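These notes concern the structure reproduced below.
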Amino acid sequence: MPLNPEQQRALVSRLTAACGGAYTPEQRRKHFITGPQWAAAYDGNAIFHAPTRKPVHFETVIEKFAEIGIGYWTTHDTDVLPYDALGNAKQDEIIGQIGAALKKHGLKCSMVTTETFHNAVFAGGPAGEQPEVRNYAKWRLENTVGIGHELGASYVVYWPGSLGYQFQGIVDEVQSLKWFAEGINAACEADIAIAAKKGQPTMKHCMEAKPFEPQAEILLPTSDAMLAWIFSGQLTHPEMVGLNPEYLHELMWGGAVRSSLARALLCGKLFHFDINDGYRLKHDVDIAVGLVNPLDWLNVLVLLRTYDYNGPFNLDFKPPRTTSNDGVFDISFPTAVDRFITLWEMAGEVMTDPILSEASKALKEGAGVAAGADANAIFEANKELWSLHELMAHRLFQILVGQHKGRIFSS
Ligand code: GLT
Ligand code: MN
Ligand code: MN
């Protein structure tokens, strides 16, 4: 029977409820899960796509996040401020309204970020040749730091966007990377000055890489490239600067996300984490967490729990264009949060699973071959142990599908 939109909504909501397994807003709020204004307000517009949804004001986003149980809100400066409000009294007024809305609904602003990629002024990148463009970009970064302090944020994110080029040989990459560092230095210095004046701690400055888009070639395409840049000697406050890896951005270049995160952890630079999902070597589809690679996501969370990552999990996905305005808050956000929490809890099961623990312990103890044995003797002594690798992979699959709890499929 064909359904009208009212009946369609009723169907979607009945089937959503029938899915079960939802966490309560109180349970959701226990996690450091943050919701971006830009994700909630994304209208479906893209290069090949007309919008499919109506604009959503920050008041609505904040109210809906509160209802869902997303305790933190994140934003770009220009997600909420029109260009003609930047840095003037209108900005103060809007930031005041945001502060009031957050307070009213019991949310906190955890992170702010600067849009240095959308406006025409950034066509040549945020650290291009013209000093006036770089000075403008610097001012925008400093202004965002001020907004962050005003709203009580602890993190600032930088996605350099168009820091790259379409044509090789026209840009001096070394110079561009130095210029880019000058912008981040200015932001850190502004942070130190404002923090001292307000008696607040400084913020964590988090670099986010994306390997392709929106330029043909990107100067800092991966989190590893950003680590090298952070430690390059160009930053005046490298201790304030770390990473905001995005799950999909690390996958896009073909890497293992867990290994990117491991390198960031090793350097003490995993400050912030954008969570979503997607496919290798494709564009930035920003699918919600766990819908493409749930097993990999389980493994990622095991790693982060093992090393006590305690930063934010930022829901940087794009609700699909086929989801309605109501669907964004009724389905996209709550189901993303609930998959994350389910995978988080499963990660706890992985960490205490007796089979995985015993297997891993046995592997680390080895066969006990005396020092000085030759390769063949070492291999022969250990060769049965290595079968545990495949068994462990199977066990992870079992945990993912619930077989470790006795869930049986017809056999
Ligand atoms: C942009 C990008 C995201 C970043 C945002 C932060 S901007 O939407 O695709 O991955 O996290 O600036
Ligand atoms: Mn991101
Ligand atoms: Mn992305």
Side-chain angles (χ1 to χ4, degrees), residues 33-47 49 61 72-81 109-119 122 125-126 137 140-141 143-145 147-148 153 155-164 180 183-184 187 203-215 218 220-223 226 242-255 257 260-261 264 270-293 297 300 311-320 332 336 340:
I33 296 174
T34 70
Q37 171 68 25
W38 68 87
Y42 172 57
D43 65 4
N45 167 64
I47 284 189
H49 298 315
V61 173
Y72 302 84
W73 176 82
T74 64
T75 194
H76 291 97
D77 51 356
T78 54
D79 291 342
V80 288
L81 300 168
C109 170
S110 54
M111 180 271 270
V112 289
T113 178
T114 312
E115 169 269 306
T116 54
F117 44 87
H118 186 79
N119 192 279
F122 299 121
R140 286 284 299 279
L141 300 185
N143 186 54
T144 299
V145 164
I147 295 172
Y155 299 87
V156 201
V157 161
Y158 304 89
W159 173 55
S162 43
L163 182 70
F180 185 56
I184 303 302
M203 292 187 271
K204 289 192 157 167
H205 297 252
C206 317
M207 309 305 306
E208 177 176 345
K210 171 150 67 167
F212 8 97
E213 301 176 335
Q215 293 281 28
I218 304 291
L220 293 171
T222 64
S223 287
M226 285 187 156
L243 296 179
N244 171 41
E246 177 175 308
Y247 177 90
L248 179 57
H249 296 177
E250 297 306 312
L251 196 67
M252 277 166 74
W253 63 265
V257 180
S260 293
L261 294 169
L270 187 60
F271 286 5
H272 199 275
F273 186 26
D274 272 2
I275 64 172
N276 57 13
D277 215 335
Y279 304 91
R280 272 192 159 95
L281 302 173
K282 299 281 169 68
H283 62 287
D284 193 16
V285 287
D286 286 332
I287 291 170
V289 56
L291 290 180
V292 182
N293 298 297
W297 255 109
V300 159
F313 292 96
N314 188 43
L315 295 162
D316 191 12
F317 72 105
K318 290 198 169 54
S332 296
F340 172 82

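Order of appearance sets the numbers: ligands from 1, and atoms from 1 within every ligand. All figures in this text were calculated on a predicted structure; none of them were measured in a lab.
- Ring geometry for Phe117 against His76 counts as perpendicular: the plane angle is over 60°, on a 0 to 90° scale with 30° as the lower cut.
- Defined by atom type and a distance below 3.5 Å, a donor-acceptor pair is present between the side-chain atoms of Asn314 and Thr34.
- Asp286 has its closest N, O or S atom to the Mn ion (ligand 3) at the position named OD1.
- The distance from the Mn ion (ligand 2) to the nearest N/O/S atom of Asp316 is under 2.8 Å.
- Residue side and main chain included, Asp284 places an N/O/S atom under 2.8 Å of the Mn ion (ligand 3).
- Residues Asp316 and Asn276 bring no donor and acceptor atom of their side chains to less than 3.5 Å of each other.
- Its N, O or S atom nearest to the Mn ion (ligand 2) is what matters here, and for Glu246 that atom is OE1.
- You'll find the side chain of Tyr158 stays beyond 4.5 Å of the side chain of Thr116, heavy atoms only.
- No side-chain heavy atom of Glu250 sits under 4.5 Å from any side-chain heavy atom of Leu261.
- Classification of the Phe313-Phe340 ring pair by plane angle, with boundaries at 30° and 60°, yields tilted.
- Counting heavy atoms from C-beta on, the side chains of Leu291 and Phe317 never come closer than 4.5 Å.
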Between the protein and ligand 1, which nitrogen or oxygen pairs come in under 3.5 Å, and how far apart is each?
| residue | atom | partner | partner atom | Å |
| --- | --- | --- | --- | --- |
| ligand 1 | 9 (O) | Lys210 | NZ | 3.3 |
| ligand 1 | 10 (O) | Glu208 | OE2 | 2.7 |
| ligand 1 | 10 (O) | Glu246 | OE1 | 2.7 |
| ligand 1 | 10 (O) | Asp316 | OD2 | 2.8 |
| ligand 1 | 11 (O) | Glu208 | OE1 | 2.6 |
| ligand 1 | 11 (O) | Glu208 | OE2 | 2.9 |
| ligand 1 | 11 (O) | Asp274 | OD2 | 3.0 |
| ligand 1 | 11 (O) | Asp316 | OD2 | 2.8 |
| ligand 1 | 12 (O) | His76 | NE2 | 2.7 |
| ligand 1 | 12 (O) | Thr113 | OG1 | 3.4 |

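- The OD2 atom of Asp274 and the OE2 atom of Glu208 subtend an angle of 100° at the Mn ion (ligand 2), given to the nearest 10 degrees.
- Taking the side chain as every heavy atom from C-beta outward, Ile218 and Lys210 never approach each other to under 4.5 Å.
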